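The structure appears right after this line, and notes come after that.
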Number of protein chains: 2
Amino acid sequence: MCENFDPTKCPTVGEMLSRLGDKWTVLVIIMLSGGPQRFSDLKRMVVGISQRMLTLTLRALERDGLVERTVHPTVPPRVEYALTDLGRSFGEPIRALGGWVFTNHDQIQKSRSDFDARHARENMKLVKLG
Amino acid sequence: MCENFDPTKCPTVGEMLSRLGDKWTVLVIIMLSGGPQRFSDLKRMVVGISQRMLTLTLRALERDGLVERTVHPTVPPRVEYALTDLGRSFGEPIRALGGWVFTNHDQIQKSRSDFDARHARENMKLVKLG
DNA sequence: CTGGATCCAATGGGATACTG
DNA sequence: CAGTATCCCATTGGATCCAG
C-alpha cells in the first residue's frame, strides 16, 4: 500500500485504522450519515456508549475534519454534529469494507469454527483424562 | 451499513474492524501479499513486532481463514504463512481505505493542526499568565 | 527455528459525580 | 443539555524466559 506512494503518509494510514478499530467511531459515523444530530440524540442512538466515549469520539472526528461541531448559543445549549464532505467521502471505503465482510461472513465463520474444532481436539490430547 | 443486510452479520464487521485497528495485522497482510513467508522472515520484515505479537496476529488471521499455515516437518522446523484467496480478496477494501487516506492526507493534517491551534488558544485563556 | 508461558507497563473504556 | 474530572478495571502489547 505504501510502496507506490509517499511513505511519510503511512503513519496517517495507521492512525485512521486505529480510529476505525476503536469501539465507537464507525457507529457514530453511521448514525451521522443520515444527517446532523445533537449530542444527546447520538447518545441515545449509539446504544451502550458512555458520555465520556461519545465526547472523545466526536472530538477525534472533529479534529480530523470528518465531523463539524456547531454550537447554538441558546439556553439550554444546543450542539449539533454533522459529517463534513470529507466525513461523507470516508463512508465510501468503510462501506466497501463492510460489504466485504457481509459477502464473506459465512466463510469467515466456517473457518473460525473449523479452527476452533481443530484446536479443541489438540487440547484434548493434553488432558489425557475425562 | 447494516440497514440493508442481515443484522446478525454486523458483529463480524465490528470484529474485523477491531482486527484492522490493531497494531500489526495490516502490516502482516501487506508483507504476505508478495508471497508466502516464514515466521522469522516476517519478524524481520515487520520492523518492531515482537515474537509474541507476530504469533498472535498470525493465529488470528489463520482462524479467520485469511492466512494458511504450512508446517514442513524438517529439522529445524520450517513454517510458512501464505495469504488464502480470502486473504487476498481482503486486500482490496484495505487498499481502498489506504488510498482514501493517501488522497485526503493533507486535508486531514491541516484539519488537525487547525484544531490544535484553536484548542491551544482556548487553553491560553485559562492560564491568564505567561 | 517456532512459539508457548509469564510478568509488567500502558492504554482503553465504563461508572459516577460535578459544572456552565 | 453538553460536557469535564476522577476513579477503576479489563485488555493490549512488550520483554523475557523456556521448550519442542
Side-chain angles (χ1 to χ4, degrees), chain A residues 14-28 31-32 36-63 67-82 115 118-120 122-127, chain B residues 14-28 31-32 36-63 67-82 115 118-119 122-123 125-127:
Chain A
E15 293 160 17
M16 295 309 287
L17 282 169
S18 297
R19 182 116 329 131
L20 286 184
D22 73 24
K23 206 171 171 185
W24 303 110
T25 293
V26 171
L27 287 173
V28 169
M31 291 314 173
L32 286 178
Q37 296 291 344
R38 303 182 56 175
F39 185 88
S40 50
D41 289 333
L42 279 173
K43 176 137 175 38
R44 224 167 295 119
M45 297 166 83
V46 182
V47 180
I49 196 172
S50 63
Q51 237 170 12
R52 176 184 135 88
M53 289 317 296
L54 181 54
T55 300
L56 291 179
T57 302
L58 288 169
R59 285 292 171 281
L61 290 173
E62 187 194 357
R63 190 173 106 97
V67 158
E68 189 185 22
R69 179 172 179 268
T70 311
V71 182
H72 299 85
T74 62
V75 43
R78 175 187 187 86
V79 181
E80 279 196 340
Y81 293 90
F115 181 95
R118 280 201 308 278
H119 206 283
E122 289 164 14
N123 289 343
M124 293 295 267
K125 299 177 187 172
L126 301 177
V127 175
Chain B
E15 293 160 17
M16 296 307 287
L17 282 169
S18 297
R19 183 117 326 133
L20 287 185
D22 73 25
K23 208 171 169 185
W24 303 110
T25 294
V26 171
L27 286 173
V28 169
M31 291 313 173
L32 286 177
Q37 296 292 344
R38 302 182 56 175
F39 185 87
S40 48
D41 290 333
L42 279 174
K43 176 140 175 37
R44 225 167 296 117
M45 297 166 83
V46 183
V47 180
I49 196 172
S50 64
Q51 234 169 19
R52 175 184 140 86
M53 288 316 296
L54 181 55
T55 300
L56 291 180
T57 302
L58 288 169
R59 285 292 171 281
L61 290 173
E62 187 194 359
R63 190 174 106 98
V67 159
E68 189 185 22
R69 179 172 179 267
T70 310
V71 182
H72 298 87
T74 62
V75 42
R78 175 186 186 86
V79 181
E80 279 195 339
Y81 294 90
F115 181 94
R118 278 201 308 277
H119 207 284
E122 288 163 15
N123 288 343
K125 299 177 188 171
L126 301 177
V127 175

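Below, chain A is the first sequence line, B the second, and so on; all start at residue 1. All values reported here derive from a predicted model rather than from experimental measurement.
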Find the distance [X]:[atom1] to [N]:[atom2] and express it as a whole number of Å.
{"X": "A/Glu80", "N": "D/dA2", "atom1": "CD", "atom2": "C1'", "answer": "13 Å"}
{"X": "B/Arg19", "N": "D/dT12", "atom1": "CZ", "atom2": "C1'", "answer": "13 Å"}
{"X": "B/Arg59", "N": "C/dG3", "atom1": "CZ", "atom2": "C1'", "answer": "7 Å"}
{"X": "B/His72", "N": "C/dG3", "atom1": "NE2", "atom2": "P", "answer": "13 Å"}
{"X": "A/Leu56", "N": "D/dA2", "atom1": "CG", "atom2": "C1'", "answer": "14 Å"}

Would you mind telling me which of [options] lies closest to the side-chain atoms of [X]?
{"X": "A/Asp22", "options": "D/dC1, C/dG13, D/dG13", "answer": "C/dG13"}
{"X": "B/Met53", "options": "D/dG13, C/dC1, D/dT4", "answer": "D/dG13"}
{"X": "A/Thr55", "options": "C/dC1, C/dG4, D/dT4", "answer": "D/dT4"}
{"X": "A/Val79", "options": "C/dG14, D/dG3, C/dG20", "answer": "D/dG3"}
{"X": "A/Trp24", "options": "D/dA2, C/dG14, C/dG4", "answer": "C/dG14"}

In Å and rounded to the nearest 0.5 Å, what is the [atom1] to [atom2] distance from [X] to [Y]?
{"X": "A/Arg59", "Y": "A/Leu56", "atom1": "CZ", "atom2": "CG", "result": "8.5 Å"}
{"X": "B/Thr57", "Y": "B/Trp24", "atom1": "OG1", "atom2": "CH2", "result": "8.5 Å"}
{"X": "B/Met31", "Y": "B/Arg44", "atom1": "CE", "atom2": "CZ", "result": "12.5 Å"}

Can you find a side chain N or O atom of [X] that sits less than 4.0 Å from OP1 or OP2 on [N]?
{"X": "A/Tyr81", "N": "D/dG3", "result": "yes"}
{"X": "A/Arg69", "N": "D/dA2", "result": "no"}
{"X": "A/Arg52", "N": "C/dT16", "result": "no"}

Is the shortest side-chain heavy-atom distance between [X] and [Y] below 4.5 Å?
{"X": "A/Tyr81", "Y": "A/Gln37", "answer": "no"}
{"X": "A/Phe39", "Y": "A/Leu54", "answer": "yes"}
{"X": "B/Leu32", "Y": "B/Leu42", "answer": "yes"}
{"X": "A/Glu68", "Y": "A/Glu80", "answer": "no"}
{"X": "A/Asp22", "Y": "A/Thr25", "answer": "yes"}

Problem set entry | Check: B/Lys43 side chain, B/Ser50 main-chain N or O, donor-acceptor pair, under 3.5 Å | no
For this session: Give a yes or no on whether a donor-acceptor pair under 3.5 Å exists between the nucleobase atoms of C/dA17, that is its base, and the side chain of A/Gln51.
Result: yes
Exercise. Which ones in residues 37-49 of chain A lie close to DNA chain C, meaning a heavy atom under 4.0 Å from one of its atoms?
Worked result: none
Problem set entry | Bending between helix ends of the helix from C/dC1-D/dG20 to C/dG20-D/dC1 [5 pairs per end, 10° resolution] | 40°
